[in-house]
Number of protein chains: 2
Amino acid sequence: MNTLRNAISQMISISEAEAEEFMAFCYRKSFRKKAILSDDDQFINEVYFIEKGILRVKIIDLDGREHTTHFASENQFIADYNAFLTGKKSRYQLEAMEDLETVVLPRKAIEWGYQNLKEGEKLGRLVAEYYFIYLDTRIQHLYTLSPLERYDLMNGLFPDIHNRVPQHMIASYLGITPIHLSRIKKQKD
Amino acid sequence: MNTLRNAISQMISISEAEAEEFMAFCYRKSFRKKAILSDDDQFINEVYFIEKGILRVKIIDLDGREHTTHFASENQFIADYNAFLTGKKSRYQLEAMEDLETVVLPRKAIEWGYQNLKEGEKLGRLVAEYYFIYLDTRIQHLYTLSPLERYDLMNGLFPDIHNRVPQHMIASYLGITPIHLSRIKKQKD
DNA sequence: ACAAAATCTAAACATTTGTTATCGTTTTCC
DNA sequence: GGAAAACGATAACAAATGTTTAGATTTTGT
């Protein structure tokens with residue numbers, strides 16, 4: 001749980017006593033590769049913090065097709081935060097790509113934090129801002145970059161992604177078919 | 001400025017005295033149709049609140065092409081919030097589509113609010129969460145819906161958008177060319 | 001260790017979407 | 001009020017991307 005504690009300490013100042021009490025609401029949970037941490041069509045009341053491993057976030061459209069919208073790995077918070085915040089049912093599935101070790105932050109922990117941590121609201125603000133910035137940047141890239149350019153960019157952001165997830169999921173993340181990704185990579189030479 | 005005050009009151013509880021003091025940092029500003037409120041390649045230290053009118057957010061890619069990424073109208077906060085938060089130069093331009101009346105919230109107002117409003121951090125959290133939810137929903141739609149489906153959806157969200165902005169900007173927002181939007185609309189019959 | 005499943009590439013073809021050019025209409029701006 | 005610009009539709013053509021199928025290789029599960 002120290003990893004979570006460190007991550008929080010990097011965002012806000014938090015006392016030993018506060019941290020202790022906050023962590024009491026949280027617990028560790030492991031998942032096997034391919035496990036679904038969080039399923040769609042259900043209400044979301046937990047946020048995960050990843051200590052080890054990598055997962056993907058995917059969404060299924062009306063034709064039953066899967067789209068990988070996001071990857072998350074060590075030292076990141078992950079959830080269908082949209083559903084968590086709005087109280088609507090989730091549209092996403094979280095699927096472990098490797099054996100995972102996580103810390104679960106139940107809604108109670110987070111609400112307790114808002115009310116009792118000196119900088120609890122600030123922590124919530126920084127997390128929301130962080131993910132807002134991430135999504136805004138992605139939207140910028142979707143509008144202004146070609147799939148190949150986005151592919152190169154992703155390699156800069158996640159240098160080891162190729163060894164951890166199959167390429168057809170990367171293609172899905174880029175919004176193209178795996179066949180097309182093959183073509184694009186070939187053209188690079 | 002009452003419109004801004006009301007918008008804030010809907011999100012947090014704020015006393016008369018607090019509101020008074022906060023508003024003292026803000027001021028009204030008007031823009032003519034086609035004016036650029038906020039230019040790209042510069043640092044962002046203001047957030048706008050729209051009292052009247054509508055604007056678009058656009059981004060210019062390396063080939064010099066414009067992409068309309070967002071519309072904002074009455075009772076909404078708008079800025080390159082990404083650049084505002086990160087301290088990086090803006091990638092967006094904000095352009096008035098009609099004569100605009102706005103209230104400017106300078107960075108000082110917002111920072112003062114975080115430190116002095118009882119629920120200042122909470123306000124910041126709610127705004128960031130609101131825009132995160134908006135962007136996440138857009139990304140869901142980009143992955144799972146066709147341009148036509150996104151077009152129909154947009155009409156539900158902004159019923160009067162057609163009377164306020166030209167169609168080629170709507171096409172740009174949808175990520176397609178105006179010619180293609182014409183085609184799509186024709187197929188609907 | 002071995003059979004089954006998953007993965008990546010490739011080619012041929014189909015579909016979608018973009019590009020360029022044109023035309024008539026509407027809007028804008030002095 | 002009138003010239004100029006912006007706008008929306010359309011057609012013909014070009015480019016990008018998806019679909020289907022196949023085959024070779026690797027990974028997975030037991």
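- Of the candidates C/dA11, C/dG18, D/dT28, the closest approach to any side-chain atom of A/Lys33 belongs to D/dT28.
- Looking at the side chain of B/Ile179, the nearest of the listed nucleotides C/dT20, D/dG8, C/dA10 is C/dT20.
- Of the candidates C/dT9, D/dT17, C/dT17, the closest approach to any side-chain atom of B/His180 belongs to C/dT17.
- A/Arg56 and A/Glu95 are joined by a salt bridge, as a carboxylate oxygen and a charged side-chain nitrogen come within less than 4.0 angstrom of each other.
- OP1 and OP2 of D/dA6 both lie 4.0 Å or more from every side-chain N or O belonging to B/Lys34.
- By the 6.0 Å and 45° rule, A/Lys29 does not stack over the aromatic ring of A/Tyr48.
- Taking the ring centre of B/Phe43 as origin, the terminal cationic atom of B/Lys89 falls inside the region bounded by 6.0 Å and 45° from the ring axis.
- Using a 4.0 Å cut-off between charged side-chain N and carboxylate O, B/Arg28 and B/Glu51 make a salt bridge.
- A salt bridge links B/Glu16 to B/Arg5: one of the charged nitrogens lies within less than 4.0 Å of a carboxylate oxygen.
- Between the CZ atom of A/Arg150 and the P atom of D/dA16 there is a distance of 15 Å, given to the nearest Å.
- Scanning for side-chain hydrogen bond (donor to acceptor under 3.5 Å, both in side chains) contacts around A/Asp136 gives A/Gln140, B/Asn82, B/Tyr92, with sequence neighbours left out.
- When each of A/Arg183 and B/Arg65 is assigned the nucleotide of DNA chain C with its nearest heavy atom, A/Arg183 is the one assigned upstream, toward the 5' end.
- Applying a 4.0 Å cut-off to non-hydrogen atoms, the residues of residues 155-177 of chain B that approach DNA chain D are B/Pro166, B/Gln167, B/His168, listed by residue number.
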